[in-house]
Participant: 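Questions regarding the structure given below will be posed in turn.
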Amino acid sequence: MLTGAVGAEVVGADLGALDGHALVDVRRLLCEREVVVFRDQSLSPRSQSEFSDRLGPSAEVPFVETMIDFPHVIRVVKEADEGAAFNFGGAWHSDFSFQVEPPSFTVLAAVDVPQWGGDTVFASMTAAWMALGPQMRERLTSLEAVHTARDAYSRRLQPLHSGMRGMNIICDDSANDERVHPLVTVHPETGKEVLFFNRAYVRDFVGVGVEETAELLDFLHNHTTDVRFQYRHRWRNGDVVIWDNRSTQHFAINDYAGFRRELHRTTVRGSIPSR
Ligand code: SIN
């Protein structure tokens, strides 16, 4: 276990050579512990794609250009001389939660990580839900959250993304689309209740006024990112971290100016979030 709330490390497994039984165990652990760390892996983009496909079909990857030869792999990269400029994933989010069927799992493999800095922080939305009192739970259970990528990938944000040399992000009008998901969902594999919230993509609630929405967004963001629910991963080359987007949020810290950082990411298609 990595913290009391979230995370586990598996020692001695080779993700490129897991048999069927081991894969079932890894999936169960992922659903239970929500973030799982594997050290000293050697996944190429091809073997990462193959491993990811064993967890389920690839999610659609909007806005971000993927590798030419591996159309489901994103290179998450910031060059050493890009300074403290914008970094991909540098806001609390759950991957592509604005999709109809947001990704279940993300697989992130470290290729070239900084000597220090560039950690990724994860927070358990199951632990965040469990820490709430009965009155707040009752209030939140009736809410439907509006997810949208408009404050991340709409056209006005193109200059921000174009500042990154190593990644090609193409903003378009589909970022303004809105998708409604229950705020409190039931995890389809564990049956546990989860606060399916992240500040980057949840921008509204159905039928809630402006003031109450602002208050709720602040409350939920502050509560769900509390240190009690977190695990902070310090990357080494060869690490593979897999997380469950249905029950976590994450945040890539942008504190490594002067160092290059490259990781390869695949995402597995999930199902429609429900209660
Ligand atoms: C992401 O948000 O998927 C990227 C996380 C990271 O680069 O640490």
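Counting convention: from 1, in listed order, for ligands and their atoms alike.
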Participant: Look at atom 4 (C) of ligand 1 and say which protein heavy atom is nearest, naming residue and atom and giving the distance to 0.1 Å.
Facilitator: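 The protein heavy atom lying closest is Phe88 CD2, 4.2 Å.
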Participant: Is the shortest heavy-atom distance from the side chain of Val241 to the side chain of Leu263 under 4.5 Å?
Facilitator: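 A side-chain contact under 4.5 Å is absent here.
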Participant: If the cut-off is 4.0 Å to any non-hydrogen atom of Gly89, which atoms of ligand 1 fall inside it?
Facilitator: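 What qualifies from ligand 1 is 2 (O).
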Participant: Can a side-chain donor-acceptor contact be found between Ser49 and Ser52 if the only test is distance below 3.5 angstrom?
Facilitator: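 The criterion, which ignores hydrogens and geometry beyond distance, is not satisfied for Ser49 and Ser52.
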Participant: With backbone taken as N, CA, C and O and side chain as the heavy atoms from C-beta onward, which portion of Leu108 lies under 4.0 Å from ligand 1: side chain, backbone, both, or neither?
Facilitator: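 Within the 4.0 Å criterion, Leu108 contacts ligand 1 through side-chain atoms alone.
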Participant: Pick one: which of Asp239, Asp119, Asp255 meets salt bridge (charged side-chain N to carboxylate O under 4.0 Å, His left out) with Arg234?
Facilitator: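 Output: one option passes, namely Asp119.
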Participant: Of the protein's non-hydrogen atoms, which lies at the shortest distance from atom 3 (O) of ligand 1, and what is that distance?
Facilitator: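 Minimum-distance protein heavy atom for atom 3 (O) of ligand 1 reads Arg265 NH1, 2.6 Å.
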Participant: Measure the distances from the heavy atoms of Arg261 to every atom of ligand 1 and state whether one is below 4.0 angstrom.
Facilitator: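 Yes, Arg261 has heavy atoms under 4.0 Å from ligand 1.
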Participant: Please determine if Glu189 and Arg28 form a salt bridge, counting it only when a charged side-chain N lies under 4.0 Å from a carboxylate O.
Facilitator: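 No, no charged N to carboxylate O under 4.0 Å.
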Participant: State whether the shortest distance between N or O atoms of His250 and N or O atoms of ligand 1 falls below 3.5 angstrom.
Facilitator: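 Looking only at distances, the answer is yes, because the N/O contact criterion of under 3.5 Å is met.
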Participant: Give the numbers and elements of all ligand 1 atoms closer than 4.0 Å to a heavy atom of His93.
Facilitator: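 Listed by number with element, the hits are 1 (C), 2 (O).
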Participant: Please name the residue in the list Met125, Lys192, His187 that meets the side-chain contact (heavy atoms from CB on, under 4.5 Å) test with Arg246.
Facilitator: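 It is His187; the other options fail the test.
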Participant: Report the nearest protein non-hydrogen atom to atom 8 (O) of ligand 1: residue, atom name, distance rounded to 0.1 Å.
Facilitator: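 Here the nearest protein heavy atom works out to Thr120 OG1, 2.5 Å.
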Participant: Is any side-chain heavy atom of Leu216 closer than 4.5 Å to one of Arg139?
Facilitator: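 Result yes, sub-4.5 Å side-chain heavy-atom pair found.
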Participant: Taking the six-membered ring of Phe96 as reference, does the NZ or CZ atom of Arg265 fall below 6.0 Å from its centre and within a 45° cone about the axis?
Facilitator: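 Judged by the rule, Arg265 and Phe96 form a cation-pi pair.
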Participant: Using a 4.0 Å heavy-atom cut-off, say whether Asp95 meets ligand 1 through its side chain, its backbone, both or neither.
Facilitator: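 Contact part for Asp95 vs ligand 1: side chain (C-beta onward).
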Participant: With heavy-atom distances below 4.0 Å as the criterion, list the atoms of ligand 1 near Val76.
Facilitator: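 Those of ligand 1 that fall under 4.0 Å from Val76 are 7 (O).
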